[in-house]
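It should be emphasised that the depicted structure is a prediction, and the values quoted were computed from it without experimental measurement.
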Amino acid sequence: MDDVASLLKTSIVVGCGLLFSTTWNSIAHPPAAIKRKYVVLPHLTDAWGQIEVQLSTKATTLEDLKVFYGDDLPRFFTLFLENYSETAEAIHFFSDLLPFIQKMALKLIHFFPSRNSLFYLIKRQEDQISLSREEICCLLANAFLCTFPEPEGDEKGFNFDSLLRSSLGSAFNSCLCILNYFRRFQECAPKGQVVFKRQLLIPEKTPDWDTSEKKISKVTIMDTGSIESDESSEFHAIFSDKWLGGGLLHAGGYAQEEMAFILRPESIVSLLLIPTSEDLAENEAIVISGAECFSSYSGFGATFTYTGTLPPENRQIFEPTNSLSINLVCVDALSCTGIFLQFEQASIHRELCKLYTGVYNWREKTDKEEQIYATSHWGCGINGGNRQLKAIEQLLSLSEAGLDIHYYMYGSKKFSQKFSAFLKFLYEVDATVGEVATALFSYKDKRTYHSLPRQTLFEHIIETITLLRKRGTVTRGMLRKMSSRER
């Protein structure tokens, strides 16, 4: 254990691939004094003189791009010019867009004059950075032109080199999204700022889940649409990797996290501020406030396709006082390969607190009485999470935080029906977070050695809450006895 975490009890959950505390309250407070490590920007290196010459060079052909990328040109530019050869798109790229990107890249010295201008958001330390949109565009321009120094050790770089060279169709379309971002910025530079925050949940803020009296939040089942296109919710869930950004810049995958970041390119700067070595701890979340969505799309994963720019009237300009701005909440779920361990109390407790970490303090930022969190099947898919379990974990955490929910189904009709029926029961009996959590924690006690209970989790919770209401207050120990008798 490192010196900022004092864990009283631990549980090694091998199937979920993580060592985490069974007692969340044992996590120590973050250090009182803020410690800072600073980002090494291109103009602070010995190579900047040569980079300045390259960034000042006019390029009018594919061959000219070698001054930025070397003799082995990235695949994107070849395909781009093949697809848009002699069109206004290609002509505009060389005559206007590329010179604009070069000009923005050269502004590093203006925006970040000293070695202490830009700092990392380091692990187990709550901190935030506010950047103007021009500063963000400057950083992204340098990443696009690959001027950042090569990373040391196991760190991943911030340059877009791997993305530009990828043979994946989704990577090509991601690059089109980035060009669209620069084009839109050139046409009308957006005002305001984007805030990147590393948020911690300290012991005093941790709920006692099975005694909570909070009511279950309003959930709207969204059978059509997507999280990314939800303009009425203030929070968008990002199904994050513990190493922020997933495979976005290294063409390693195009799941929900990568797509969300590429549609809102300003959020990509978080990968610079939170490098691989500063991966998310169990009581941490990243919240990105104000990153604008510039592009429309279709498809998912390998079929992700850029379909055009969003109309200017859809732009959501972020100011510190604008409560309508979108907050991207990046929380990483456990990766569970077995069916049993994700139902252990330690696993559930970790997920509840992880989700709560990203949203628990939302009322401190707005005068609005109600706000909405847009989400879907967090922790499922490649993470192997049980869909009913992950839905309930989100329901409890967001209800505890007092947020309403837009739950996107993405074509899961059967699950939509089951979840709707489950919610209908909870509302009819006016269930509390504590009642649902108590029932949830007891589910594992019904399993046999080889399999989960025949009852689904939804069925178990409905039955258990019905018993709770009939028998009065039922402790977790009593529930375990009831479960063993049923077996």
*What do you reckon, are the aromatic ring centroids of Trp378 and Tyr407 less than 6.0 Å apart?*
no
*Answer yes or no: is there a donor N or O on one side and an acceptor on the other, between the side chain of Glu258 and the main chain of Gly301, under 3.5 Å?*
no
*asked:* Has Thr206 got a side-chain atom pairing as donor or acceptor with Ile202's backbone, closer than 3.5 angstrom?
replied: yes
*Just wondering, do Phe235 and Ser289 contact through their side chains at under 4.5 Å, heavy atoms?*
no
*Aromatic ring proximity, centroids under 6.0 angstrom, Tyr306 and Phe172*: no
*Go through the steps for Gln199 and Glu284 under the test side-chain contact (heavy atoms from CB on, under 4.5 Å), then give the verdict.*
CA-CA 6 Å; Gln199 193 154 288; Glu284 293 183 324; over 6 Å; no
*Salt-bridged, Lys107 to Glu135, with N to O below 4.0 Å?*
no
*Measure the acute angle between the ring planes of Tyr69 and Phe77, then classify it against the limits of 30° and 60° as parallel, tilted or perpendicular.*
tilted
_So Lys37 and Glu278, do their side chains get closer than 4.5 Å, heavy atoms only?_
yes
*Report yes or no: do Gln193 and Ser132 form a side-chain donor-acceptor pair below 3.5 Å?*
no
*asked:* Check this for me: Lys66, atom NZ, are more than 12 non-hydrogen atoms of other residues, nucleotides or ligands nearer than 6.0 Å?
replied: yes
*Heavy atoms, side chains only, cut-off 4.5 Å: are Leu273 and Tyr120 in contact?*
no
_Is it true that, when you exclude Ile382 itself, more than 12 heavy atoms of the residues, nucleotides or ligands shown sit nearer than 6.0 Å to its CD1?_
no
_Between Asp127 and Lys197, does any NZ, NE, NH1 or NH2 come within less than 4.0 Å of an OD or OE carboxylate oxygen?_
no
*Are Phe93 and Phe80 near enough that their ring centres are under 6.0 Å apart?*
yes
*NZ/NE/NH1/NH2 to OD/OE distance under 4.0 Å, Glu126 and Arg198*: no
*Evaluate the side-chain proximity of Ile227 to Phe239: yes if any heavy-atom separation is below 4.5 Å, no if none is.*
yes
*asked:* Quick one: does any side-chain atom of Trp209 pair with a main-chain N or O of Val433 as donor and acceptor, under 3.5 Å?
replied: no
*Sidechain-backbone polar pair: Ser397 side chain, Glu393 backbone, donor-acceptor under 3.5 Å*: yes
*Can you name the nearest heavy-atom pair linking Gln342 to Gly385, along with the distance?*
OE1-CA, 3.3 Å
_Using modelled atom types and a 3.5 Å cut-off, is there a donor and acceptor pairing between side-chain atoms of Arg124 and backbone atoms of Ala281?_
no
*Verify whether the ring centers belonging to Tyr373 and His236 lie closer than 6.0 Å.*
no
*With a 4.5 Å heavy-atom cut-off, do Leu65 and Leu98 have their side chains touching?*
yes
*Would you indicate whether Glu155, at its atom CD, is surrounded by more than 12 heavy atoms from other residues, nucleotides or ligands within a distance under 6.0 Å?*
yes
*Is the backbone N or O of Lys414 less than 3.5 Å from a side-chain atom of Gln417, with the two atoms forming a donor-acceptor pair by type?*
no
*Check the angle between the aromatic planes of Tyr408 and Tyr410 and answer parallel, tilted or perpendicular using the 30° and 60° thresholds.*
tilted
*Looking at the rings of Phe294 and Phe185, which for Trp means the six-membered one, are their centres under 6.0 Å apart?*
no
*With a distance cut-off below 6.0 Å to the six-membered ring centre and an angular limit of 45° from the axis, does Arg36 pair with Phe119 as a cation-pi contact?*
yes
*If you take all heavy atoms of Lys418 and Gln388, which pair is closest and at what distance?*
CD-NE2, 4.3 Å
*Note: Glu228-Arg264 ion pair, threshold 4.0 Å (strictly below)*: no
_Check Lys156 with Asp161, please: is the shortest side-chain N to carboxylate O separation under 4.0 Å?_
no
*Does Ile51 reach the side chain of Leu55, with side-chain heavy atoms less than 4.5 Å apart?*
yes
*Please confirm whether His377 and Phe415 have ring centers closer than 6.0 angstrom.*
yes
*Between Asn283 and Thr357, does a side-chain hydrogen bond (donor to acceptor under 3.5 Å, both in side chains) hold up when you go through it step by step?*
CA-CA 7 Å; Asn283 66 329; Thr357 299; over 6 Å; no
_Counting only heavy atoms not in Arg363 (residues, nucleotides, ligands), do more than 12 fall under 6.0 Å from its CZ?_
yes
*Are Gln394 and Thr375 linked by a side-chain donor-acceptor pair shorter than 3.5 Å?*
yes
_Please give me the minimum heavy-atom distance between Trp362 and Gly402, naming the atom from each residue._
CZ2-O, 3.4 Å
*Taking only Lys NZ, Arg NE, NH1 and NH2, and the carboxylate oxygens of Asp or Glu, determine whether Lys368 and Glu234 approach each other closer than 4.0 Å.*
yes
